[in-house]
Asker: 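Please find one structure pasted underneath; my questions will follow.
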Amino acid sequence: MFSVSSASTSSSTAATEGSRGSRSGSGRHGQGPAGGGRGRGLVRAAAAVLAGGLVAAGTLVGATAATADEAGQHQGGATAVLDGLKTYDTAVLHTGGEDGAAGATQELPAGLFELDVDGGGQLKTYCIDIHNPTQDQAKYLETPWDQTSLGANGNAGRIRWILQHSYPQVDDLAELADEAGTGPLTAKTAAAGTQVAIWRFSDEADVEAKDAHAEKLADWLEKEAKSVAEPKASVALEPAAVSGKAGERVGPVTVRTDAGQVSVTPPADAAASGVEVTDKDGKPITQAADGTGLYFDIPEDAADGSASLTVQASTSVPVGRVFAGLTKSQTMILAGSSESTVTATASATWAEKGAVPALTARKNCAEGGVDITVGNKGDEAFTFELAGTEHTIAAGETRTVTIPVAEDQAYDFTITGPGGFSKNFRGVLDCATAGAPVPGDDISTQSGAEPVPAQTGTSSTGAEGDLAETGGSSATPVIAGVAIALVVLGGGAVFLLRRKQPQDSGE
């Protein structure tokens, strides 16, 4: 029996929002590329999220214990922990009133965050999610644009241009000030001006730097920004899971990396199991480059089981890569990187007979859910039921099924099978910026030196793995979500998961 279980989830779901704040044609800055009407503010409403059900049945015989992937659908790259806001000055946010009422202004810090990379290294990032909070010591994962709010943002490429042409990539502040015509800049005012320009594109925020020189920098960056393509991942493996039979080379798993070369670590029990990592001709591989195909070479007499390989490099993560929180925390975009450790992991499963599924997952922001991709390299069909619909994956077939998840919903579910097989998928679906808050919402950012969470947005606390609580200001009700109930076949009713209405993109 192939089963699926779930841990509890929680959400702090913003429902419907008005048009987001930006500069009008008659405003301070004129009509920029991200222009539009001033936002009416975010309308927050508590809404119960119904449980979604998934039932799976099939055959997976004798699999050895497998360690659940920490981030589930993480495609690889850098993993880091937030260390706080380090280099910043002051910005002023303008929010529109409801139904013609007077708007409000609020001062908030604006600048560079720092994150410590697991395995070594440091990242500098700017915020691209002004109204969302950060969590103290939140864990962040390198994430493709299409799994974040940038996927639907036509100005995403302009944000990357700003990062490439401002501080800290341009660290000669006199040169930057001269080119932009700002007057003298410090690290703090340069960081603030850069953050303000980014917010105008990422959130369509009506925001300005308090310092006059920083404001001139923000205006120049906004005016000059051009669209630049998304950078390549620091490292990833595609697909992250494969399956087959003993006596075969199972794969390929293709290396995708911005680094010149990555090291390849074979399965931990390779000496005992005889499983090797090779190229398509069976030659063992210990080093690989972008585009290299990796195979699990399974001995013919190997017992049914599973194994994992890891690729790793020490490299600078490309500027413009997005970092999304493993728990609900403000989305970041990379402005600078030291030499940092980046990794990606892929697994293989094999069996003598029956269905032999391989499962991967990724956020699907376009559809509002998590895509579970199931491949079956066995000799029997693999059948499972999702939200009342039965799916059959024939031998040799691959198919993707989307589990609906509400915006801002935390999810954590584990797929298990005989012999200790376990595959975990967890994270937060954070595909849209929150929009402008209603007047009176507290928006603050704390420095990393202070004994409180570093944040922009309403307050929130919680450690990694704590999916039960997200906080808010007095204007933001906490919205509790119920668990996605994933039950064994025949083990109970299957419920549908209700999603909130999609937010206005502002474009």
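Atom set for the values below is all heavy atoms of this structure, side chains included, hydrogens, waters and symmetry mates excluded.
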Asker: Would you indicate whether Gln287, at its atom CD, is surrounded by more than 12 heavy atoms from other residues, nucleotides or ligands within a distance under 6.0 Å?
Answerer: yes
Asker: Using atom types as modelled and distance alone, determine if a side-chain donor or acceptor of Asp379 lies under 3.5 Å from a backbone N or O of Gly354.
Answerer: yes
Asker: We want to know whether Thr402 and Asp371 form a side-chain donor-acceptor pair, criterion being a heavy-atom distance below 3.5 angstrom.
Answerer: yes
Asker: For Thr265 and Gln312, does a side-chain donor sit closer than 3.5 Å to a side-chain acceptor?
Answerer: no
Asker: Any Lys/Arg nitrogen of Asp279 or Arg249 sitting under 4.0 Å from an Asp/Glu carboxylate oxygen of the other?
Answerer: no
Asker: With no hydrogens and no angle check, is any side-chain donor or acceptor of Gln137 less than 3.5 Å from a backbone partner on Val81?
Answerer: no
Asker: With distance as the sole test, does Thr315 use its side chain to make a donor-acceptor pair with the main-chain N or O of Ala313 at under 3.5 Å?
Answerer: no
Asker: Is a side-chain donor or acceptor of Arg158 paired with a backbone partner of Glu222 at a separation under 3.5 angstrom?
Answerer: no
Asker: So, Thr349 and Ser306: side-chain donor and acceptor under 3.5 Å apart, yes or no?
Answerer: no
Asker: For Glu407 and Cys431, indicate whether the former's side chain and the latter's backbone hold a donor-acceptor pair under 3.5 Å.
Answerer: yes
Asker: Where the side chain of Glu339 meets the backbone of Gly121, is there a donor-acceptor pair that is under 3.5 Å apart?
Answerer: no
Asker: List the atom of Ala187, the atom of Thr87, and the distance in Å for their closest heavy-atom pair.
Answerer: O-CG2, 3.7 Å
Asker: For Lys328 versus Asp408, what's the shortest heavy-atom pair and its separation?
Answerer: NZ-OD1, 2.6 Å
Asker: Does any non-hydrogen side-chain atom of Lys377 lie less than 4.5 Å from one of Trp350?
Answerer: no
Asker: Using only atom types and a distance under 3.5 Å, with no angle test, would you say the side chain of Lys353 pairs donor to acceptor with the backbone of Ala351?
Answerer: no
Asker: What verdict does the side-chain contact (heavy atoms from CB on, under 4.5 Å) test give for Ile372 and Phe425, after you've listed the backbone C-alpha separation in whole Å, the side-chain angles of each residue and the deciding distance to 0.1 Å?
Answerer: CA-CA 9 Å; Ile372 306 295; Phe425 303 112; 4.1 Å; yes
Asker: May I ask you to decide if Gly369's main-chain N or O and Asn364's side chain share a donor-acceptor pair within less than 3.5 Å?
Answerer: no
Asker: Does a side chain donor of either Ser308 or Ser347 reach within less than 3.5 Å of an acceptor in the other side chain?
Answerer: no
Asker: Please walk me through it: do Glu230 and Arg321 pass salt bridge (Lys or Arg N to Asp or Glu O under 4.0 Å)?
Answerer: CA-CA 8 Å; Glu230 178 180 4; Arg321 292 296 288 172; 3.5 Å; yes
Asker: Check whether any side-chain N or O of Trp145 sits under 3.5 Å from a backbone N or O of Pro231 as a donor-acceptor pair, and report yes or no.
Answerer: no
Asker: State, with a plain yes or no, whether a side-chain heavy atom of Thr79 is found less than 4.5 Å away from one of Leu326.
Answerer: no
Asker: Would you please test Gln409 and Val428 for side-chain contact (heavy atoms from CB on, under 4.5 Å) and show each step?
Answerer: CA-CA 6 Å; Gln409 179 77 24; Val428 174; over 6 Å; no
Asker: Provide the closest heavy-atom pair for Asn376 versus Val356 in the form atom of the first, atom of the second, distance.
Answerer: OD1-N, 3.0 Å
Asker: When you look at NZ of Lys226, are more than 12 heavy atoms from neighbouring residues, nucleotides or ligands closer to it than 6.0 Å?
Answerer: yes
Asker: Would you sort out whether Tyr140 and Ser329 count as a side chain to side chain donor-acceptor pair (under 3.5 Å), showing the intermediate values?
Answerer: CA-CA 9 Å; Tyr140 279 82; Ser329 192; 2.8 Å; yes
Asker: Do Asp290 and Arg256 make a side-chain contact, defined as non-hydrogen atoms from C-beta onward lying under 4.5 Å apart?
Answerer: yes
Asker: Is there a donor-acceptor pair under 3.5 Å between the side chain of Glu300 and the backbone N or O of Gly247?
Answerer: no
Asker: Decide yes or no on side-chain contact (heavy atoms from CB on, under 4.5 Å) for Asp129 and Asp430, but give the supporting numbers first.
Answerer: CA-CA 10 Å; Asp129 203 3; Asp430 189 1; 3.6 Å; yes
Asker: Between CZ of Phe323 and CG of Leu115, what distance do you get to the nearest 0.5 Å?
Answerer: 7.5 Å
Asker: Just so I know, are the side chains of Leu112 and Lys124 near enough to count as touching, which here means a heavy-atom distance under 4.5 Å?
Answerer: yes
Asker: Within the 4.5 Å heavy-atom criterion, are Tyr88 and Leu85 side-chain neighbours or not?
Answerer: yes
Asker: Heavy atoms only: give me the nearest Pro299-Asp297 pair and the separation to one decimal.
Answerer: CD-O, 3.6 Å
Asker: Taking side chain as C-beta onward, heavy atoms only, is Leu309 less than 4.5 Å from Leu294?
Answerer: yes
Asker: Do the non-hydrogen side-chain atoms of Val262 and Val255 ever get within less than 4.5 Å of each other?
Answerer: yes
Asker: Carefully, step by step, assess Glu114 and Lys86 under the rule salt bridge (Lys or Arg N to Asp or Glu O under 4.0 Å).
Answerer: CA-CA 7 Å; Glu114 291 184 4; Lys86 299 293 187 178; 5.1 Å; no
Asker: Could you go step by step and tell me if Thr292 and Thr254 meet the side-chain contact (heavy atoms from CB on, under 4.5 Å) rule?
Answerer: CA-CA 6 Å; Thr292 300; Thr254 304; over 6 Å; no
Asker: So, are Asp146 and Lys363 salt-bridged, with charged N and O less than 4.0 Å apart?
Answerer: no
Asker: Tyr126 and Pro168: which non-hydrogen atoms are nearest, and at how many Å?
Answerer: OH-CD, 4.2 Å
Asker: Among Leu221, Asn155, Ile333, Val228, which residue meets the side chain to side chain contact (heavy atoms under 4.5 Å, CB included) test with Ile162?
Answerer: Leu221
Asker: Work out which heavy atom in Gln122 is nearest to a heavy atom in Ser338; give both atom names and the distance.
Answerer: N-OG, 2.8 Å
